[in-house]
Each structure stands twice: as C-alpha cells, then as structure tokens.
**Student:** 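Starting off with a structure, shown below.
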There are 2 protein chains.
Amino acid sequence: MGRRRRTNATLMSVAAAAGVSRQTVSNVLNAPDRVAIDTRARVESAIESLHYRPNRAARSLRTQVSRLIGYCIMPATPGMLNPVLDRFAHAITEAASDRGFHILLFTTAGGRAGLDRYAELLSQLTVDGFILSDTVVGDPRQGWLTERGVPFVAFGRAWRNEEQGAWVDVDGAAGVTLAVEHVYGLGHRRIAFIGWPGGSGVGDDRLAGYESSCARLGVTPLVVRDVGGIEQGRVLAHRVLDAPDPPTALVCVSDADALGALRAVTERGLRPGHDVAVVGFDDISSAGMPGFDLTSVSQPIEEAGRAVVNMLLSRLNAIERGTSSSESGADVDAVAHLLLKPTLVIRSSSDPTTAMETPR
Amino acid sequence: MGRRRRTNATLMSVAAAAGVSRQTVSNVLNAPDRVAIDTRARVESAIESLHYRPNRAARSLRTQVSRLIGYCIMPATPGMLNPVLDRFAHAITEAASDRGFHILLFTTAGGRAGLDRYAELLSQLTVDGFILSDTVVGDPRQGWLTERGVPFVAFGRAWRNEEQGAWVDVDGAAGVTLAVEHVYGLGHRRIAFIGWPGGSGVGDDRLAGYESSCARLGVTPLVVRDVGGIEQGRVLAHRVLDAPDPPTALVCVSDADALGALRAVTERGLRPGHDVAVVGFDDISSAGMPGFDLTSVSQPIEEAGRAVVNMLLSRLNAIERGTSSSESGADVDAVAHLLLKPTLVIRSSSDPTTAMETPR
DNA sequence: AACCAGATTTTGAACGATCAAACAAGCACG
DNA sequence: CGTGCTTGTTTGATCGTTCAAAATCTGGTT
C-alpha cells in the first residue's frame with residue numbers, strides 16, 4: 001500500500017478551496033485584521049478541512065527568518081553532575097514552542113575552535129539566534145557573537161565583561177547569603193565556607209555572598225578552597241574540622257562539595273544537622289535522597305529558561321522590525337540582564353527538626 | 001557601526017566569482033564527479049573565499065527534505081532521576097551532526113494527545129523523521145507513525161508489538177544476568193530481586209534475566225515488588241532481610257531501588273558488600289559517589305544514540321531514493337532491531353575488595 | 001565533411017511562501 | 001459627477017536552491 005510521501009496542502013490549494021487568492025490566505029494567517037470577517041471564516045474552514053500548515057522552508061526562504069534557536073550542549077563530563085541540562089533544556093523548549101519557535105541542538109569543541117559551528121549555523125540561515133549556557137570566564141563566544149551582531153542570550157553572566165550581550169543568571173551571592181543566614185538563625189556562629197579556587201566566576205560570586213553576610217552578621221569568615229568535587233569537599237571539611245575551635249556549620253559552593261563534607265562529618269562520628277550543619281548549592285537530585293537529605297540552595301531553572309527565551313525573542317522581534325538599523329539601534333543592543341533569586345531548601349543536614357520520617 | 005543583517009553569499013554570487021553558472025556550483029557541492037577538475041578547483045576556491053554555505057531553507061524547499069530530526073523530551077519529573085537524557089541527547093546530536101543533520105527538540109503532552117505535535121512538525125516539513133525515547137507499554141506513537149509511513153527509530157522497544165517500527169534498546173535481561181552471575185561468583189547463593197510491578201516492559205525484561213539466571217545457576221528465586229523508588233527499595237529490602245534465612249545479595253531493578261536497599265542494609269547494622277551485596281541498574285551519577293559506591297549495570301547510552309541515528313538516517317536515505325514505493329518497499333519497512341549489551345560496573349556495594357581508598 | 005557519443009556546462013522551471021504595489025469597490029464630500 | 005479616502009483583494013516579483021532538459025564542446029569514426 002501507499003506510504004508515498006504525502007503531498008501537503010499549500011497556500012494555493014487552500015486558496016482554490018476557499019475561492020480566494022494566495023495572498024488572502026496568507027493574510028488570514030499573518031494579518032487577520034486585514035481580511036473581511038466572512039472571507040476569513042471561509043478561509044479558516046478551508047485551512048481546517050485541508051489540515052493546512054504553512055511550509056516552514058518556504059516561509060523561511062522568503063522572510064530570511066528560521067524560527068529556530070540554536071542551543072549548544074557540552075559534552076557530558078562523565079561522573080560529573082550536570083544538574084541543569086535536562087531541566088533547562090525542557091524549559092527553553094517549552095517556552096520557545098509557545099511562541100512558534102524550536103530549539104536546535106548542536107555541539108562544538110570548547111573554546112575558540114568551536115566558533116565555526118556557530119558561524120556555519122548562521123550563514124546557512126539555520127538559526128536566528130543562540131542560547132548559550134555553561135559560560136566560563138573569558139568565554140570567547142559572547143564577544144564573537146556581539147561583534148557580528150548575532151542575537152543571543154546567555155544563561156550565566158559574561159564574567160569578564162558584564163556589558164557584553166544579554167544574560168540571565170541566578171544570584172549566587174544571594175543564595176549563599178540565604179544559606180549563611182539560615183545556619184546563623186539556627187544559632188551557629190562559627191561558619192566555614194568550602195569553595196573553589198578564585199577566578200571561576202560562579203565560585204567567586206558565591207564566595208562574595210559568604211563574605212558579605214559574614215561581615216553583616218559579625219561572623220569571622222573562614223574560607224578553604226580546592227578545585228571542587230566530592231572528594232575535595234570531604235578533604236576540605238576534614239581540614240577545617242581538625243582546626244582548634246572548629247566551625248559548627250559548613251556552607252559549600254556546590255552540592256558535590258557538600259556531599260563530600262557530609263561524608264567527612266559522618267566519618268568523624270558527628271551527626272550532620274545535630275553537631276555540624278552542612279549546606280550545599282544547586283539542589284541536585286541526589287541532595288534530597290535519604291542518607292544525604294542535604295539542605296541546598298535551589299536555582300529557579302525553569303524560570304531562567306523562560307526568561308532566556310523571552311529575552312531572545314524580544315531581541316529577534318526588534319531586529320526584524322528594523323529597529324536595529326543605525327539610528328535607534330541602541331535599544332536593541334541595550335544590555336539586558338536578569339538576576340534571579342534562588343531559594344533555600346531546608347533539609348536535615350542543617351536542621352534535624354526537618355528529618356524525614358523513616359518508618360519501618 | 002553596521003550590525004546590519006549580513007547578506008550571505010549565494011550560489012549566484014559564487015558562480016559570478018568563479019565565472020561559471022549556478023548549476024555548476026551546485027554540482028560541485030552535490031555531484032563533484034560531474035564537474036571538470038579545473039573548474040571544480042576554481043569554484044571551490046571561490047566558495048572558500050566568499051565563505052559560501054548553501055541556504056538551508058532554499059535547499060529544503062526544493063528538495064522537500066529538511067535534514068532535521070525531531071526528538072521529543074519528556075517533562076522532567078521532579079525528584080526523579082533521569083540518568084539518560086543528557087548523555088543520549090549529546091550522543092544523537094553528535095552523530096547527527098557528523099552526517100549533516102540536526103536535532104530539533106520538542107515537547108508534548110503524554111499519550112495520544114501529544115500526537116498533534118508530531119503531525120504539526122511533519123506537515124510543516126520541519127523534520128524528516130523522529131527519534132523516540134521513554135517509550136512505554138502501549139505507547140501509541142509507534143503505531144501512529146508507522147501508519148503514516150513516517151520514518152522513526154525508538155530508543156526502547158515497542159513492548160506490546162515488537163514488530164512495530166525500528167528500535168534500539170539495551171538488553172535488560174542480559175544486564176541482570178551479569179549482576180546475578182557476579183554475586184554468584186562471589187559466593188552468594190541466596191539472591192533476592194527487588195523489582196517493579198508486572199506490566200512495565202523494562203521491569204519485566206530485567207526480571208526475566210533474573211529468573212532465567214536463577215534457573216541456570218540452581219538458585220531459588222525470591223522476588224519482591226513495588227512501584228519503585230528509593231523509599232520503596234528500602235522498605236522491600238527490609239522485608240526480605242526480615243525473613244528467616246534471608247538473602248545475602250540484593251539485585252535491584254534500578255539504582256533508585258538499590259540506593260534504598262543500601263540504606264536498609266546500613267540501618268540494620270550490616271555492611272554493604274561484606275554482609276549483603278547490593279547491585280543496581282543504570283549506573284546513575286550518584287551510584288559512584290562515596291557513601292554509596294554502588295555496583296551497577298551500566299548502559300551503553302552513547303553507542304545506543306549513535307545506533308539510533310544511523311538507523312534513522314539509513315531509512316531516510318532509502319525513502320529519498322524512492323525505494324519505499326510499492327514493489328521494493330519491504331526492505332525499508334523491514335523491522336530493524338538492535339539489542340545492545342550492558343556492562344557491569346563493580347564497586348564496593350557488592351565487592352568490598354574494590355573499596356575506594358579513603359585517605360585523610 | 002558529416003556524424004555521433006560522451007563529457008561538461010548552461011538554461012528554464014519549479015519548490016511555497018511573503019512583500020510591495022496595483023487594483024476594485026464602497027462611501028463621503030465639495 | 002468627479003475626486004479622494006478607506007477597506008478588501010489580487011497580481012507580479014522574489015527568496016536561493018535543485019531538477020530536467022537543452023546546449024555546447026571534444027574527439028573519434030566513417
């Protein structure tokens with residue numbers, strides 16, 4: 001039987017069915033207010049009955065707009081936790097789809113070498129703009145894209161040059177402040193911070209939150225640092241707990257470090273939450289597991305995804321309307337930043353009264 | 001300055017630069033053997049110096065092929081572990097890109113309601129085919145797509161009707177067999193299986209592996225079941241360990257259940273690996289963490305991703321060449337199945353000799 | 001010199017939509 | 001009654017590529 005390529009309805013076939021011209025059908029779709037009410041109804045029912053959908057390629061060829069957004073995903077680092085990708089990917093897909101856009105995945109080599117891929121997708125007119133994530137300090141992409149006037153929004157600040165391009169980010173400093181205030185409110189006065197080396201934008205941001213809230217609360221700051229990871233967190237936690245007059249609360253720059261710290265605490269025969277409070281950052285899926293039940297700063301990833309898409313689409317619209325040309329170009333290129341506030345999910349690693357019931 | 005929309009090179013501009021006609025340039029790209037060797041060189045250098053890339057929309061409009069593959073991602077269940085998405089997404093993106101294709105993300109409502117989206121993407125000619133994942137028993141998608149002759153490959157079997165469409169899957173039975181043989185090899189003779197309710201394809205597959213290897217090794221099977229999850233695994237583990245003559249090894253249908261089982265073992269004052277071996281399935285990122293160090297069956301996700309893409313592309317090629325029409329249609333519609341073997345990652349939850357070093 | 005086969009290149013004609021401008025009809029106004 | 005304005009609809013051209021067929025060139029044959 002058949003299975004031949006189904007020939008889809010076209011503007012012409014719909015026009016014929018409704019007894020009007022191509023352009024009228026096109027207007028029904030793109031500028032309904034220009035069409036007389038009864039003509040519109042007639043065309044709409046023809047569209048309905050023929051299951052007509054405008055051909056994307058044809059539209060895109062004519063308008064020079066693809067309604068596709070490029071999203072580069074990084075090679076998954078084995079063993080590394082990527083708490084963000086799937087939630088973020090889902091959020092941007094959903095948000096884009098509500099506005100008639102789609103997300104196109106691609107991968108590149110890291111750093112400057114990968115820029116070719118961006119160029120390729122652009123010059124083929126495959127995508128209208130990009131969503132960046134996993135931005136790093138000194139990331140070449142923002143500068144490269146800005147130079148070429150390519151619309152993009154990054155999830156994560158451009159750490160070196162804040163004014164470069166639009167971004168949405170989660171306020172790490174505010175997150176750590178929540179964490180410090182939480183343990184302070186529980187009575188802790190010796191609060192250590194387990195961090196990453198200086199120079200990573202994310203790590204420095206979170207550290208800044210620690211330092212400022214210590215200053216405000218009159219707590220003497222105690223910072224230890226390593227490259228990050230479960231094992232590193234464990235070692236650092238042991239180190240600060242070995243000190244005379246050790247801290248009673250450990251605020252960590254990431255959940256991986258916090259899980260290590262948690263382990264160190266148990267290894268010393270101390271009870272997390274009771275004897276030493278541990279707080280992480282990211283609220284990865286393991287955090288809520290029994291056995292960890294880690295208090296953690298949770299990022300509003302879905303909200304960030306929606307915001308990134310909205311910001312990108314408004315830039316695309318602005319460009320489409322020619323706003324970007326010489327005179328009034330400023331408002332398109334206006335730097336758009338959005339810093340979202342994270343929330344603190346309190347679990348028993350910091351507050352034993354929230355311990356999960358463990359029925360038997 | 002500028003920032004105006006960059007006008008890309010076209011076939012015509014390249015042709016002018018090289019002193020040939022449109023079609024010759026097109027031939028250099030699509031059928032180089034038809035072009036004289038020196039003409040080809042001239043055209044190629046013109047392409048190079050103008051940075052020409054064929055316009056996707058135009059090509060797609062003419063050829064009726066988009067070189068885009070749709071991939072539907074499911075709403076991330078909060079708190080649930082999705083060990084697969086990011087690795088799989090990355091693998092298919094990479095594999096597709098090697099062959100000039102791209103992955104287009106979309107989301108749908110589950111079940112039959114979501115089928116509209118597939119129809120929409122198809123009738124707009126946005127995508128050439130689909131990759132399905134998270135297939136469930138009684139999934140309507142395979143049947144729907146097959147009926148319409150839409151090329152697709154599923155990651156995961158069509159559980160109810162194995163002949164329906166192409167799929168790649170990981171052999172769950174083989175995975176559990178590895179697990180059972182592993183603990184048997186360590187001397188365990190009372191081996192229980194913590195499973196899911198009957199009726200889930202994946203769960204039944206894995207259970208089948210348990211039952212057949214028990215039969216082969218002469219082990220009395222002991223199966224307990226619940227809906228799955230950390231808490232359920234913990235409760236089930238307690239139940240079997242409460243029995244007289246309790247098992248010394250727990251093979252679990254998933255890592256979530258295994259993590260629960262692990263916790264149950266420690267709660268009883270037993271040492272995982274020494275007193276009771278615990279094995280999971282999926283090798284989620286938490287599995288390797290200190291504190292768990294869970295032996296687990298690991299799926300070759302990257303390989304599966306590549307296989308899915310290859311299978312889909314070969315179907316697309318076949319259709320493009322008209323092979324699908326009446327007479328020789330059989331070989332395209334030939335059911336293509338690929339069952340990959342998982343591997344066992346042995347850690348200290350089953351074999352204490354592999355315990356991680358825990359320096360201080 | 002005429003002819004032919006093969007290799008190479010060029011020329012119309014699509015693909016299906018939108019833009020820009022032209023056209024038609026209806027109505028008010030001087 | 002002609003003119004201008006508004007509203008609604010249609011027509012030609014175009015986006016950049018590939019298909020199909022026609023045109024040109026080359027060299028060998030008869």
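Predicted model only: the values in this text are computed from it and were never measured. A, B, ... follow the sequence lines: proteins, then strands. Residue 1 opens every chain.
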**Student:** Check whether the ring centres of A/Tyr118 and A/Phe152 lie less than 6.0 Å apart, and answer yes or no.
**Tutor:** no

**Student:** Select base, sugar-phosphate, or nothing to describe what B/Thr24 touches, counting heavy atoms under 4.0 Å on all strands.
**Tutor:** base

**Student:** Between B/Asn310 and B/Val153, is any pair of side-chain heavy atoms under 4.5 Å apart?
**Tutor:** no

**Student:** Kindly say if A/Ser26 contacts the phosphate of C/dA17, meaning a side-chain N or O under 4.0 Å from OP1 or OP2.
**Tutor:** no

**Student:** Is there a side-chain polar atom (N or O) of B/Asn30 under 4.0 Å from OP1 or OP2 of D/dT18?
**Tutor:** yes

**Student:** Can you tell me if the side-chain N/O atoms of A/Gln64 get under 4.0 Å from OP1 or OP2 in D/dT14?
**Tutor:** no

**Student:** Would you indicate, yes or no, if C/dA17 has its OP1 or OP2 atom less than 4.0 angstrom from a side-chain nitrogen or oxygen of A/Thr63?
**Tutor:** no

**Student:** For B/Arg34 and C/dT8, give me the distance from atom CZ to atom C1', rounded to whole Å.
**Tutor:** 11 Å

**Student:** Please report the distance, rounded to the nearest Å, between CZ in A/Arg56 and C1' in D/dC15.
**Tutor:** 17 Å

**Student:** For C/dT10, does either OP1 or OP2 sit under 4.0 Å from a side-chain N or O belonging to B/Ser21?
**Tutor:** yes

**Student:** So what does B/Thr39 hit on the nucleic acid, given a heavy-atom distance under 4.0 Å: a base, only sugar-phosphate, or nothing?
**Tutor:** sugar-phosphate

**Student:** Using whole Å, what does the distance between atom P of nucleotide D/dT10 and atom CG of A/Asn27 come to?
**Tutor:** 10 Å

**Student:** Is there a donor and acceptor pair, one atom on the side chain of B/Arg59 and one on the base of D/dT17, closer than 3.5 Å?
**Tutor:** no

**Student:** Looking only at side chains, do A/Tyr52 and B/Ser123 share a donor and an acceptor under 3.5 Å apart?
**Tutor:** no

**Student:** Decide yes or no, distance alone: a donor-acceptor N/O pair under 3.5 angstrom between the base of C/dT18 and the side-chain of A/Arg22.
**Tutor:** yes

**Student:** More than 12 non-hydrogen atoms from neighbouring residues, nucleotides or ligands closer than 6.0 Å to CZ on A/Arg34, yes or no?
**Tutor:** no

**Student:** Could you tell me the separation between the CG atom of B/Asp33 and the P atom of C/dA7, rounded to a whole number of Å?
**Tutor:** 11 Å

**Student:** Less than 3.5 Å apart, any donor N or O on the side chain of B/Gln124 or B/Thr126 sitting next to an acceptor on the other?
**Tutor:** yes

**Student:** May I have the distance from B/Arg67 (atom CZ) to D/dT18 (atom P), rounded to whole angstrom?
**Tutor:** 10 Å

**Student:** Can you say whether a donor on the side chain of A/Arg62 sits under 3.5 Å from an acceptor on the base of C/dT18, or the other way round?
**Tutor:** yes

**Student:** Can you tell me the distance, in whole Å, between the CD atom of B/Gln23 and the P atom of D/dA23?
**Tutor:** 16 Å

**Student:** For B/Gly19 and B/Ala58, take the nucleotide of DNA chain C holding the closest heavy atom to each; which residue's nucleotide lies nearer the 5' end?
**Tutor:** B/Gly19

**Student:** Distance check needed: D/dC15 P versus B/Met12 CE, whole Å only.
**Tutor:** 9 Å

**Student:** So if I take every side-chain heavy atom of A/Tyr52 and compare against C/dA17, D/dT17, D/dT9, which nucleotide ends up nearest?
**Tutor:** C/dA17

**Student:** Rounded to the nearest Å, what distance is computed from the CG atom of residue B/Asn55 to the P atom of nucleotide C/dC15?
**Tutor:** 18 Å

